[in-house]
Amino acid sequence: MMEEILAILLAVAIAAALYYLMKKAMTLVINAVAGLITLWLLNYFDVLSWFGGAPDIQINLVTILICALGGLPGALVLVLLHLVGITI
């Protein structure tokens with residue numbers, strides 16, 4: 001009887017942990033997509049040339065990771081660093 005109760009409690013704990021991780025993963029994906037769409041739109045409409053003629057921001061693994069972790073503020077940091085002259 002005790003083993004069944006422990007098995008049920010363990011299953012509930014694992015289900016709760018998986019739900020929490022999937023919820024966080026979905027937030028990470030949404031932030032990454034929002035940041036990357038922002039960078040793509042800035043590159044597509046050549047907005048950065050209005051502020052100093054800088055070339056487009058490269059979309060690579062590093063910028064994807066920054067946008068994934070930072071979302072729109074991460075994309076803003078990338079843009080500000082690019083305008084200052086620091087390319088990542």
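Just so we're clear, the structure is a prediction, and the values are computed from it rather than from any experiment. Scope of the values below: all heavy atoms of this structure, side chains included, with no hydrogens, waters or symmetry mates.
Note on Met26 and Leu36: separate hydrophobic clusters, where clusters join Ile, Leu, Val, Met, Phe, Trp and Tyr whose side-chain heavy atoms are under 4.5 Å apart, directly or indirectly. Note: the hydrophobic cluster containing Leu69 does not contain Leu81 (ILVMFWY, side chain heavy atoms under 4.5 Å, direct or indirect links). Met22 and Ile30 are members of different hydrophobic clusters when ILVMFWY side chains are connected at heavy-atom separations under 4.5 Å. Under the 4.5 Å side-chain contact rule for hydrophobic residues, Phe45 and Leu42 share a cluster. Residue Ile64 is not grouped with residue Leu76 when hydrophobic side chains (ILVMFWY) are merged at heavy-atom distances under 4.5 angstrom, including chains of intermediate members.
Two residues are said to be in side-chain contact when any heavy atoms from C-beta on lie closer than 4.5 Å; Ile59 and Asn43 meet this criterion. The side-chain heavy atoms of Thr87 and Ile57, taken from C-beta on, include no pair separated by under 4.5 Å. Two residues are said to be in side-chain contact when any heavy atoms from C-beta on lie closer than 4.5 Å; Leu48 and Asp56 fail this criterion.
To the nearest 0.5 Å, atom CH2 of residue Trp50 and atom CG of residue Leu83 are 12.5 Å apart. Expressed to the nearest 0.5 Å, how far CD of Glu4 lies from CE of Met2 amounts to 10.5 Å.
His82 places a side-chain N or O within donor-acceptor distance of the main-chain N or O of Pro55, the cut-off being under 3.5 Å. Asn31 places no side-chain N or O within 3.5 Å of a backbone atom of Ala34 that could act as its donor or acceptor partner.
In this structure, Leu39 and Cys67 approach most closely via the heavy-atom pair CD1-SG, 3.6 Å.
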